[in-house]
Structure formats: C-alpha cells, structure tokens
Amino acid sequence: MIIGISIALILSSALMVLLVLLHKGKGGGLSDLFGGGFTSSFGGSSVVERNLDRLTVITGSVWFVCIIALGLLLRPA
C-alpha cells in the first residue's frame, strides 16, 4: 500500500510540474521556455485554459491526498 501511494505521489508530482509549466505566463519566464510557444497558438481558446486549470487542480488534489495518506501510514505507532 505504501509503495502504491508513493508511486502515485511521484507521478502526480511530475505531472504537476509539467502542468504548471504549461500555463500561460504573465510576462515571460519558464512557461515561455517550455510551453509558451506551444500554448500561445491555442491562446485564443478559453476552453483549453479552463481544462488545463481543472487538470491542474485535480492533480494537486491527488498529490495532497497522497501526502496525507503517506503521513498517516508512516507515523509512529
């Protein structure tokens, strides 16, 4: 059980980094380096941004639940 939650935590962490970097930047930075050029072609579509926001919130929630679950499972008895 602990190994499964740890794997889910690692995967959700990597996905979270990717999703945050894909968000549209507010004046440049890392988002322009990694995903700015790709997402700027879809910049006119608010549906893509909304779905990216939803996916980021869902991934963050999964990450948070994994952290809490690991904390509860690994606490000293």
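- At a threshold of 4.5 Å between side-chain heavy atoms, the hydrophobic network of Ile, Leu, Val, Met, Phe, Trp and Tyr places L22 and L55 in one connected group.
- Rounding to the nearest 0.5 Å places CG of L73 at 9.0 Å from OG of S6.
- Contacts of L15 classified as side chain to side chain contact (heavy atoms under 4.5 Å, CB included), with partners at least two apart in sequence or in another chain: L18, L19, T59.
- Residues forming a side chain to side chain donor-acceptor pair (under 3.5 Å) with S13 (at least two apart in sequence, or on another chain): W63.
- One distance of note links CD of E49 with CG of N51; it measures 10.0 Å at 0.5 Å rounding.
- Partner of M16 under the side chain to side chain contact (heavy atoms under 4.5 Å, CB included) criterion, chosen from L11, T56, V62: T56.
- There is a path of hydrophobic side-chain contacts, each under 4.5 Å, that joins I2 to L9.
- Tracing side-chain contacts under 4.5 Å through hydrophobic residues (I, L, V, M, F, W, Y), one never reaches V65 starting from L74; they form parts of separate clusters.
- L70 is not listed as a side-chain neighbour of C66, based on a closest heavy-atom distance of 4.5 Å or more.
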